[in-house]
There are 2 protein chains.
Amino acid sequence: MAMSEESGSAKTAIKMIQEAGARATAARLTVLRILLSADHALTHSDVEQAASAAGDLIERVTLYRVLEWLVDQGVAHKTLGLDRVWRFNAHHEAISNHAHFNCTDCGRVYCMESLNPVFAITLPPHFQLQQADVSLQGLCPCCTD
Amino acid sequence: MAMSEESGSAKTAIKMIQEAGARATAARLTVLRILLSADHALTHSDVEQAASAAGDLIERVTLYRVLEWLVDQGVAHKTLGLDRVWRFNAHHEAISNHAHFNCTDCGRVYCMESLNPVFAITLPPHFQLQQADVSLQGLCPCCTD
DNA sequence: AGGATTAAGCAACTCAGTTGCGTAAAGGTC
DNA sequence: GACCTTTACGCAACTGAGTTGCTTAATCCT
């Protein structure tokens, strides 16, 4: 209901889910469309509000499970904000070792997909590195005077 | 009670607190000594257990306030683990832009004080960078086969 | 359309961290 | 050293993100 206009992102969302070989339920489509159209990482309640604003009510637990599922499928990924809240981001290609920008004013978290930081570190003995992420803090475009 | 032996770190703790121009209470001394003698970042409950093991019971809320106070004083700093739990680390000098190592096996978080990562990034327009932290993931010395 | 499989919905729970307020302790002052 | 003001402690009750178990409903394959 009330979701047939934005066919562009909807098609992408359906395609992404079906490529994962899973059921394209209403909740998954709604959440994925919302994530894909956001310019920053969204919290659980961000998604919940965006969904209800669009007329698609999603149950609390369902939303948690959908978000976790999207991450498991590799369709989305999550980051911890400084407020201990997970934020989710859908991406079109697999990405790793990228940076997240935390706005110290509004709290928004931006996923810098195209930003592949190059850094050189040497770990102490007996530490085995598997992955590295960069957390940036500062002011986002809508919070800079 | 039962805390007069380890005079070395205790003296340091007292000095650090008094240099901050604040009251050196029993709870603050105990917590700071525990943090200073740890080789990795400690959660609230880590500190609570270490304190009670040493015979110094610290009230839940008091501990939260002491830890927050230490961070405000610049005597300690905190990091979010992947389990959404704050971990605290006391340090002897002011440090910034350093790396944290999250063990994917035991969950411990190590603060790489001497590890000043060099990385090159270019932010999108209108983003103002204030600080950068590096989050490393892998196996710590006690979890490597 | 029918039926096995899988997700949604609901309620109750966990756990880290917070808030408000009365009481006790710390440390400067007389 | 006793006094008094300031500041931290202790207790209880609360918040809010995320989780678990189980029943009902929806998906989609044949």
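None of the values given here were measured: they were computed from a predicted structure. The chains referred to below are lettered A, B, ... by the order of the sequence lines, with proteins before strands, and numbering in each begins at 1.
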Grouping I, L, V, M, F, W and Y whenever their side-chain heavy atoms are under 4.5 Å apart, do [X] and [Y] come out in a common cluster?
X	Y	result
A:Val134	B:Leu123	yes
A:Leu42	A:Val109	no
B:Leu129	A:Met112	yes

Heavy-atom nearest nucleotide on DNA chain D taken for A:Trp86 and for B:Leu57; more 5' hit belongs to B:Leu57

Could you state the atom-to-atom distance from [atom1] of [X] to [atom2] of [N] in whole Å?
X	N	atom1	atom2	value
A:Glu59	C:dA11	CD	C1'	10 Å
A:Glu48	D:dG16	CD	C1'	12 Å
A:Arg87	D:dG16	CZ	C1'	14 Å
B:Leu29	D:dA8	CG	P	13 Å
B:Asp72	D:dT7	CG	P	15 Å
B:Trp69	D:dT7	CH2	P	13 Å
A:Phe88	D:dG18	CZ	C1'	10 Å
A:Asp83	D:dG16	CG	P	13 Å

Backbone N or O of A:Glu48 within a donor-acceptor pair of the A:Ser45 side chain at under 3.5 Å?
-> no

Looking only at side-chain atoms of B:Ala24, point me to the closest of D:dC28, D:dA17, C:dG27.
-> C:dG27

Kindly point out which of C:dG17, D:dC9, D:dT19 is positioned nearest to the side chain of B:Val85?
-> C:dG17

What about B:Arg84: does its side chain form a donor-acceptor pair under 3.5 Å with the base of D:dG18?
-> no

Look at the side chain of B:Arg60 against the base of C:dG17 and say whether a donor-acceptor pair falls under 3.5 Å; ignore hydrogens and angles.
-> yes

Non-hydrogen atoms of [X] and [Y] that approach each other most closely:
X	Y	value
A:Cys143	A:Cys103	SG-SG, 3.8 Å
B:Cys106	B:Cys140	SG-SG, 3.8 Å
B:Val47	B:Ile34	O-CD1, 3.9 Å

Would the A:His40 and A:His100 ring centres measure less than 6.0 Å apart?
-> no

Would you please confirm or rule out a distance under 4.0 Å between OP1 or OP2 of D:dG10 and any side-chain N or O of B:Thr62?
-> yes

According to a strict under-4.0 Å criterion, is A:Thr25 in side-chain N/O contact with OP1 or OP2 of C:dA8?
-> yes

For residues 58-71 of chain A, which side-chain N or O atoms pair as donor and acceptor with protein atoms under 3.5 Å away, sequence neighbours left out?
unit_1	atom_1	unit_2	atom_2	d
A:Glu59	OE1	A:Val61	N	2.9

Gap between atom CG of A:Leu82 and atom OG of A:Ser135 - 0.5 Å precision | 6.0 Å

Per-nucleotide protein contact string for nucleotides 21-26 of chain D, where B marks a base within reach and S marks sugar-phosphate only (heavy atoms under 4.0 Å, - for neither) | B----B

What base-paired stems does DNA chain C take part in, with at least 3 consecutive Watson-Crick or G-U wobble pairs and both distances under 3.5 Å?
-> C:1-30 with D:1-30

